[in-house]
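Structure record follows, encoded as structure tokens.
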Number of protein chains: 4
Amino acid sequence: MFILVNLKAYPCDPIEVATAARDVAESSGVRIAVAPQAADLSRVAETDVETWAQHVSSNGHGSYTGSTLAEAVADNGAAGTLINHSENRRKLADIDGSVTAAERAGLETIVCANNPTQTGAAAALGPDAVAVEPPELIGGDVSVSTADPGIVEDAVAAAAAVDPDVEVFCGAGVSTGEDVAAAADLGASGILLASGVAKADDPEAALVDLVSEI
Amino acid sequence: MFILVNLKAYPCDPIEVATAARDVAESSGVRIAVAPQAADLSRVAETDVETWAQHVSSNGHGSYTGSTLAEAVADNGAAGTLINHSENRRKLADIDGSVTAAERAGLETIVCANNPTQTGAAAALGPDAVAVEPPELIGGDVSVSTADPGIVEDAVAAAAAVDPDVEVFCGAGVSTGEDVAAAADLGASGILLASGVAKADDPEAALVDLVSEI
Amino acid sequence: MFILVNLKAYPCDPIEVATAARDVAESSGVRIAVAPQAADLSRVAETDVETWAQHVSSNGHGSYTGSTLAEAVADNGAAGTLINHSENRRKLADIDGSVTAAERAGLETIVCANNPTQTGAAAALGPDAVAVEPPELIGGDVSVSTADPGIVEDAVAAAAAVDPDVEVFCGAGVSTGEDVAAAADLGASGILLASGVAKADDPEAALVDLVSEI
Amino acid sequence: MFILVNLKAYPCDPIEVATAARDVAESSGVRIAVAPQAADLSRVAETDVETWAQHVSSNGHGSYTGSTLAEAVADNGAAGTLINHSENRRKLADIDGSVTAAERAGLETIVCANNPTQTGAAAALGPDAVAVEPPELIGGDVSVSTADPGIVEDAVAAAAAVDPDVEVFCGAGVSTGEDVAAAADLGASGILLASGVAKADDPEAALVDLVSEI
């Protein structure tokens, strides 16, 4: 299992969460990464935590102002990127372009999707993984792997039918080690989460709990 | 083969093109439809030509101002709708929603895509057809079925791999009966075209030529 | 006072509301218009009610699929158009373009804005009017003219400081004749409303009440 | 005069341009800043050049993935931000929100606009400056201050009519010290430029020329 902690625009200290993630990854052997604001990327990467971008644009080098260039996030230490998060929905053509741009820059890719149907569509674009996150569960206390396990199973099946090399992550409401174990049982290869760690009083303790059943 | 004439925002007389399309459909037995501006839909449908919308929104009834409600275009005579045309690119989640909304309103659906990869992704959303239109050929004089037949073949293969029930249309640069025949030979079930008819001095003659090899 | 009834994507019968609006306008002498779905425009205009579009695009004639061409809505009977409604927010450059496109097609224009600051900005683009609608009050039971009269007064002042020829409308929560009278007292030249009429059991009675204090 | 060098997504070395800008600012006494990719901000700021963001989102802290938080760019050394660049057009409501977000984070603001009309509208939102950049001149060899001096004068007048505290910058095609001097003569308080420095074989020499007539 791969645990990706999305820091969104939360008022947390990105270095504190990054340091905790690095330490728990080292002590547990579980792969854990942190996705900070683009402006915080280089400082987060300096902690030696695995660092991801929250988004990259579909454009390459050129006249694009205010875009997030895949090469720029890679140069500043990112190993991968989210694409099409539910808080940053993109056009189909741009998701295709962002996956291509990210691969060109050497970044791993996770494309987000609302439901099993969109998971199949996203898998057809050839990312490394698709994360299924029902919008109504994002930010809540109920894990998709508990509340609606059928969605995770259906997403795993939808991706496999299109491209068996594409992994499926699940997100939305995951906050405990049991949720993570349930997701793994349903066929998920990883977990996207955010507030459960980023807003925790003790991010390191939250991460220790999350990896406890892996 | 199904010929769909997209009137875009061209300064043509929609009733003149609709009447020509109706007459050529009747005389040739080929299925031909016209997609006018939403505001022209009811008047075009009154000519008894098969009428399509250029776009429908993903929303249903409710507080959505300036959207194009699937039910409203159906009530005014539309039989189907384009979705995600290259001049009206949409978010993946909204394409999914528009296909669902169109089906709920009883409309056929053609989702547009730039390339074979996106054709596979669009097919996963379950429309009736996907139209592959390389953006660089749209509005030009070179037909995709002539200039780059591999794109049409690859799109047909990509759609079939995801869902064999989804047909593939091709567009971009089609202007003659030979182009239509070439597209059919490559596996396309229909043709999207626009300026070749809508900007023709004699739309009826242009349509007669287009269906001549079917 | 000018009363503009926005039918949004509501499941009402647009012809029933249009007929009621026409009748109340005639009997009361108050200017009342109805803004239906673009696809319903020509049928609504045939009732002889003053008909408005909910949106027009910034483009002119050309290769624009799924846009709402200002000329097309004018040709089908529209006398004016909303632009930048809070449910259809637009880029600054496109609002500028839509005002220009609407004027070229002979349409009156009302640009919507969230607050007095944006009202001043919208007024600088030269529309006929700006409608100030605090998003938090839209669709509710509390009228902006009652709940926060300072917003209407500030919007009137902001528009006047930029261009004294631009009128100010107010919207959001207006549902009674008293709300309309209060808006007029605050300097508003018109009212935007939607659910208060479109969702009323008796749209004609709702309109009769709305104009009762004018 | 203030010279702001927008590095866009150019394949230049941001540290090389930043160092050159810092050195020319120091030697000439002219205010010069550099706007790199968000991911490069902290490294660029470490050179001690004045550093700007290319864009900030309208949101504050919260659940916003892939946005560019004003506080995050400020924390990483940005002193100001562009908003609504022609390559990153924004909704009117979001420009208003981004100006507010930037001010809350202590950033200076320059809102971009296509023409004098939009300059007036942007000035009504209360930024520190508006930059007028006719899209057809961006990236070209012809300076707006030479090609169409009336646009700069009209923009200065439009901003002054709305808010005399808002300065006007000009951009698009500026590449020589003469262009800068011409802009100053027309009433501009600063210059936005990009390729003239970022793509120059010798960025420092390009900057020395640009400030030579100030």
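Everything numeric in this text was worked out from a predicted model, so none of it was measured. Throughout, a chain's letter reflects where its sequence line sits, starting with A, and its residues are numbered from 1.
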Mind ranking A:His85, A:Glu87, A:His55, A:Gln54 by heavy-atom pairs under 4.5 Å with chain D and telling me who comes out on top?
-> A:Glu87

Interface check, chain D: of A:Leu82, A:Asn6, A:Leu41, most non-hydrogen pairs under 4.5 Å belong to A:Asn6

Taking all non-hydrogen atoms of both residues, which atom of A:Ser42 and which atom of D:Ser42 are closest, and how far apart?
-> OG-OG, 2.8 Å

On a heavy-atom basis, the closest approach of D:Thr65 and A:Asn88 is O-CB, 3.2 Å

Which residues in residues 66-76 of chain D have a heavy atom less than 4.5 Å from any heavy atom of chain A?
-> D:Gly66, D:Ser67, D:Thr68, D:Leu69, D:Ala72, D:Val73, D:Asn76

Might you confirm whether atom CD of A:Glu178 has over 12 heavy atoms from other residues, nucleotides or ligands at distances under 6.0 Å?
-> no

